[in-house]
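Given the structure is predicted, the values throughout are model-derived calculations rather than measurements. We're numbering straight along the sequence, starting at 1.
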Amino acid sequence: VQAEDPVVRRRAVLALRAFRRAEARRAIAQALEDPDAATRETAVVVVGLMGSEELFEAVERRAVDPHGGVRRHAALTLGLASDARFHATLKMLCRDVQPDVRAAAAMALALADDPALLGDLKECCHDAELCEAARTMFVPHAQDLLISRVVVEAGKRDRLEPHLFLGGS
């Protein structure tokens, strides 16, 4: 993750996903602060796929990243964290300027399985752009690995809320 070429840094971050050691987590944390947006986005995805709890707070800081892809994946990662500490951040992301970020945040809140969030989810359902983005994003066999994991998680839930945002059916 120290390479000059951002493509090499992104590939290094992806490779770190296979390692559970503290050194790998430190390198991923460093990549979350990389000047290259695609490297930051890759690092957020890796944290989500790993479920690395010690990095969730660092991912939460990416919720205000200038790059929409980073914010979208931060929302999904925080949703997979299933931690109420991140609900305020996810609610904020439900008001993002980009519909795909709002859709990711809505799905993340739906995964929380928290009845206190039903009002927020109802609000999200009235956002036509969010719903359209969700239906095109959360489809079976999505090419994005983190979105694919979220779709699988949503499919496992026996509550209605996550299914509101699934597409492809």
Side-chain angles (χ1 to χ4, degrees), residues 28-29 31-140 142-169:
I28 294 167
L32 287 167
E33 304 298 329
D34 196 275
D36 176 60
T39 301
R40 291 192 309 276
E41 185 174 359
T42 300
V44 169
V45 168
V46 167
V47 172
L49 293 172
M50 290 174 66
S52 191
E53 289 184 32
E54 62 274 15
L55 293 174
F56 287 144
E57 287 181 11
V59 167
E60 184 180 33
R61 290 191 293 275
R62 298 282 36 109
V64 294
D65 195 279
H67 187 266
V70 176
R71 295 191 311 277
R72 179 181 63 245
H73 285 99
L76 295 173
T77 294
L78 295 176
L80 290 170
S82 297
D83 190 326
R85 290 179 300 161
F86 306 124
H87 289 178
T89 300
L90 291 170
K91 289 177 186 181
M92 175 201 65
L93 288 170
C94 282
R95 295 183 303 277
D96 195 271
V97 296
Q98 289 186 223
D100 62 323
V101 175
R102 295 194 310 266
M107 177 58 92
L109 287 175
L111 290 174
D113 199 21
D114 183 346
L117 297 172
L118 289 176
D120 299 294
L121 291 170
K122 184 178 178 183
E123 236 178 85
C124 290
C125 288
H126 293 294
D127 180 339
E129 287 180 324
L130 178 157
C131 291
E132 180 59 29
R135 285 187 199 101
T136 58
M137 186 176 5
F138 298 114
V139 295
Q143 293 203 347
D144 182 303
L145 293 175
L146 190 56
I147 289 174
S148 186
R149 176 155 181 232
V150 166
V151 169
V152 168
E153 286 299 315
K156 290 179 184 177
R157 308 295 164 106
D158 59 355
R159 293 191 52 186
L160 173 65
E161 291 83 6
H163 296 275
L164 292 172
F165 303 108
L166 291 176
S169 51

Exercise. Got a second to check how far R61's CZ is from R40's CZ, nearest 0.5 Å?
Worked result: 13.5 Å

Exercise. What's the spacing between C125 SG and L118 CG if we round to 0.5 Å?
Worked result: 10.0 Å

Exercise. What heavy-atom pair brings A108 and G79 nearest, and what distance separates the two atoms?
Worked result: CB-CA, 3.5 Å

Exercise. Minimum heavy-atom separation for T77 to G48, with atom names?
Worked result: OG1-CA, 3.5 Å

Exercise. Rounded to the nearest 0.5 Å, what separation is found between the CG atom of L90 and the CD atom of E60?
Worked result: 8.0 Å

Problem set entry | Shortest non-hydrogen separation from A112 to L117 and the atoms involved | CB-CD1, 3.6 Å

For this session: Would you name the heavy atoms of A37 and V70 that are closest together and state the gap between them?
Result: O-CG2, 3.5 Å

For this session: Using atom types as modelled and distance alone, determine if a side-chain donor or acceptor of R62 lies under 3.5 Å from a backbone N or O of L32.
Result: yes

For this session: Keeping the roles fixed (side chain from R149, backbone from L80), state whether a donor-acceptor pair exists under 3.5 Å.
Result: no

Problem set entry | Any L109 side-chain heavy atom under 4.5 Å of C94 side chain | yes

Exercise. So, do L93 and F86 sit near enough that their side-chain heavy atoms are less than 4.5 Å apart?
Worked result: no

For this session: Look up atom CG in L145 and atom CG in L76, then write down how far apart they are to the nearest 0.5 Å.
Result: 12.0 Å

Exercise. Does any donor atom in the side chain of Q98 or R72 lie under 3.5 Å from an acceptor atom in the other side chain?
Worked result: no

Seminar exercise, completed: d(R102 CZ, E123 CD) to nearest 0.5 Å is 12.0 Å

Problem set entry | Flag side-chain contact, heavy atom, 4.5 Å: E41 against D65 | no

For this session: Hey, could you give me the CD/CD1 distance between E33 and I28, rounded to the nearest 0.5 Å?
Result: 13.5 Å

Seminar exercise, completed: Shortest non-hydrogen pair, I147 vs A142, comes out as CG2-CB, 3.7 Å

Exercise. Is there a side-chain contact between V139 and V151, using heavy atoms and a 4.5 Å cut-off?
Worked result: no

Exercise. Under a 4.5 Å cut-off applied to non-hydrogen side-chain atoms, are V47 and V44 in contact?
Worked result: no

Seminar exercise, completed: Heavy-atom closest pair (L78 atom, F56 atom, distance to 0.1 Å) is CD2-O, 3.7 Å

